[in-house]
Protein chains: 2
Amino acid sequence: MKKGELRKQELQDKMAKHILENGLQAGSLRNLAQAAGTSDRMLLHYYHDKEELMKEVLTQISDNLITILEQARTVSIPFNQLVPHLYKLIKNPVVKPYIQLWLELIARASKKEEPYHSIAKQIGDSFIHYCSELIQADDKEKEKLAPLTFIIIEGIAMLDAIDFESNIEKALDGLSDFKK
Amino acid sequence: MKKGELRKQELQDKMAKHILENGLQAGSLRNLAQAAGTSDRMLLHYYHDKEELMKEVLTQISDNLITILEQARTVSIPFNQLVPHLYKLIKNPVVKPYIQLWLELIARASKKEEPYHSIAKQIGDSFIHYCSELIQADDKEKEKLAPLTFIIIEGIAMLDAIDFESNIEKALDGLSDFKK
DNA sequence: TTTAAAATGTAGCACTTGCTACATAAATAA
DNA sequence: TTATTTATGTAGCAAGTGCTACATTTTAAA
């Protein structure tokens, strides 16, 4: 890697950290520049415009999350244990900022705003793939259970955003009453 | 109702419509004023500040949604039919803007931003109450199934935001495989 | 060593944001 | 009719937004 690219990567790491800690809303060029220890002028030197910058930063954040998830990977689990397991995971202080950012991403994606929409789709795909790998079931079952797991975790994340923990517990209770 | 209050309500209706159609992001005082056919100056005459304005407008929107939902109410349905029923409902063009706004609300609520956080909690409560009324089950079951329904519908709304319809179908398929 | 390219600084533009100061016109109360 | 709220207009401020123009220094290629 050349010197320039190295510097760019250095800035990008710091920007990713800043976005993760403060959200998309706090991601103005000047804010990001300050967090990275440079100027907005320099950011537009390394990136063509803000859209390109955000695309690369968010992609990096998403890659980081995947790495974290892969590291926290266990052996495959049956569905009824997987959901509580993932609930614990998204409550983890390391993971939680990613979930909060994810909610912001979805809000923008729902308006087809770019680059957020396409990045959100990518992340969605990765997560379903991740669920699929974790579920203990045959392939035909996985096909249905991975999306179902995704949906339930997303829903839980939303309830968690409005401090509905007790409702989450009740729902998990209700879920465990079901059998195949 | 006095003349002033009447005028305020008139403006508020138009602002609610605008927010519903264009989202929170498009809700600057000047945008709202234009949509209501007045000036930002006048909005701050009727409301103390933007926070108060948003609080009242969003509360009204939420009340409108509840009215719509109540009108679309059927007889009580067992859980496994309720989820597909609600999925159809949130796909309804009349309801869909509310869901999109809801996603935006959640994103802000997750940062404890006011007035969004408290309003989102209120709406969450109403929706769980609504689910509870619709579910065909005894009270003890409802206690668990209403939050579970809420979670699943929220999750579906998120997947829908990133055009994951086929995954939603698979998940619903998977869900119907479960039995008590 | 000259030359081209990449890195960085300083200033600013045009626009949007919430909100305010200062005024006048209109409706209402005394 | 006078006095007092209430309604509305005009202008602007201070801060923030993405982005650009123009300059200079530093680095690397010839």
Side-chain angles (χ1 to χ4, degrees), chain A residues 1-16 18-19 21-59 101 104-105 107-108 111-117 119, chain B residues 1-16 18-19 21-59 101 104-105 107-108 111-117 119:
Chain A
M1 203 186 276
K2 277 184 191 164
K3 203 175 168 188
E5 294 174 33
L6 216 102
R7 174 73 175 144
K8 181 179 175 180
Q9 190 55 53
E10 197 181 311
L11 297 177
Q12 198 165 296
D13 288 343
K14 289 179 188 159
M15 288 192 283
H18 180 261
I19 288 286
E21 285 169 357
N22 304 94
L24 293 178
Q25 225 174 2
S28 72
L29 287 179
R30 283 170 177 83
N31 280 348
L32 290 170
Q34 192 181 1
T38 182
S39 64
D40 56 338
R41 169 67 186 70
M42 283 313 294
L43 293 184
L44 292 170
H45 174 67
Y46 287 109
Y47 305 87
H48 173 255
D49 58 12
K50 203 199 171 185
E51 180 171 335
E52 185 186 289
L53 185 156
M54 284 313 264
K55 197 171 168 179
E56 297 194 23
V57 171
L58 288 175
T59 302
L101 184 57
E104 231 179 321
L105 211 52
R108 305 199 182 199
K111 298 186 184 159
K112 319 296 171 202
E113 204 179 322
E114 286 302 340
Y116 309 106
H117 185 72
I119 290 178
Chain B
M1 202 186 277
K2 276 182 192 166
K3 203 174 167 188
E5 293 174 35
L6 215 100
R7 174 75 176 140
K8 181 177 175 180
Q9 191 55 52
E10 195 181 311
L11 297 177
Q12 198 164 298
D13 287 342
K14 290 178 187 163
M15 288 193 282
H18 181 260
I19 288 286
E21 285 170 355
N22 303 95
L24 293 178
Q25 225 174 0
S28 72
L29 288 179
R30 283 170 177 83
N31 280 348
L32 290 171
Q34 192 182 1
T38 181
S39 64
D40 56 338
R41 169 66 186 70
M42 282 312 293
L43 292 184
L44 291 170
H45 173 68
Y46 287 109
Y47 305 87
H48 173 255
D49 59 11
K50 203 201 169 184
E51 181 170 337
E52 185 186 289
L53 186 157
M54 283 314 262
K55 198 172 167 178
E56 298 194 24
V57 171
L58 288 175
T59 302
L101 184 57
E104 232 179 321
L105 209 54
R108 305 200 182 198
K111 299 185 183 161
K112 318 296 171 203
E113 204 180 321
E114 286 303 340
Y116 309 106
H117 185 73
I119 290 178

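Below, chain A is the first sequence line, B the second, and so on; all start at residue 1. Being a predicted model, the structure only gives us computed values, none of them experimental.
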Check nucleotides 15-19 of chain C against the protein and report each pair of N or O atoms closer than 3.5 Å, with its distance, or say if there are none.
residue: C/dT17; atom: OP1; partner: B/Ser28; partner atom: OG; Å: 3.1
residue: C/dT17; atom: OP2; partner: B/Ser28; partner atom: OG; Å: 3.2
residue: C/dG18; atom: OP1; partner: B/Lys50; partner atom: NZ; Å: 2.7
residue: C/dG18; atom: OP2; partner: B/Leu29; partner atom: N; Å: 2.8
residue: C/dG18; atom: N7; partner: B/Arg30; partner atom: NH1; Å: 2.9
residue: C/dG18; atom: O6; partner: B/Arg30; partner atom: NH2; Å: 3.0
residue: C/dC19; atom: OP2; partner: B/Lys50; partner atom: N; Å: 2.9
residue: C/dC19; atom: N4; partner: B/Asp40; partner atom: OD2; Å: 2.7

Could you tabulate the donor-acceptor pairs under 3.5 Å formed by side-chain atoms of residues 40-50 of chain B, not counting sequence neighbours?
residue: B/Tyr47; atom: OH; partner: B/Gln12; partner atom: OE1; Å: 2.7
residue: B/Asp49; atom: OD1; partner: B/Glu51; partner atom: N; Å: 3.4
residue: B/Asp49; atom: OD1; partner: B/Glu52; partner atom: N; Å: 3.0
residue: B/Lys50; atom: NZ; partner: B/Gly27; partner atom: O; Å: 3.0

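In this structure, CD of A/Gln34 is placed 10 Å from P of D/dG16, rounded to the nearest angstrom. Residue B/His45 contributes atom NE2, which lies 11 Å from atom P of D/dG9 at whole-angstrom precision. Rounding to whole angstrom units, OH of residue A/Tyr47 and P of D/dG18 are separated by 15 Å. In this structure, B/Leu6 places its CG atom 15 Å from C1' of D/dA7, rounding to the nearest Å. Between the P atom of D/dA7 and the CG atom of B/Leu11 lies a distance of 11 Å, rounded to the nearest Å. Atom pair A/Arg7:CZ and C/dA5:P shows a separation of 23 Å (rounding to whole Å applied). One interatomic measurement links the two molecules: CE of A/Met42 to P of D/dT25, which rounds to 16 Å at whole-angstrom precision. Following rounding to the nearest Å, A/Glu10 (CD) and C/dA7 (P) show an atom-to-atom distance of 13 Å.
Taking B/Glu21 as the reference, B/Lys17 meet the side chain to side chain contact (heavy atoms under 4.5 Å, CB included) condition, with sequence neighbours excluded. Annotation: side chain to side chain contact (heavy atoms under 4.5 Å, CB included) contacts of B/Glu10 (sequence neighbours excluded): B/Arg7, B/Lys14. Applying the side chain to side chain contact (heavy atoms under 4.5 Å, CB included) criterion to A/Ile119, with sequence neighbours excluded, gives A/Lys55, A/Leu58, A/Thr59, A/Leu105, A/Pro115, A/Ile123. Every residue meeting the side chain to side chain contact (heavy atoms under 4.5 Å, CB included) condition with B/Glu113, not counting sequence neighbours, appears here in chain and number order: A/Gln25, B/Arg108, B/Tyr116.
At a threshold of 4.0 angstrom between heavy atoms, the contacts of B/Tyr46 are confined to the sugar-phosphate backbone, with no base atom among them.
To the nearest 0.5 Å, the span separating OG on B/Ser39 from CZ on B/Arg30 amounts to 10.0 Å.
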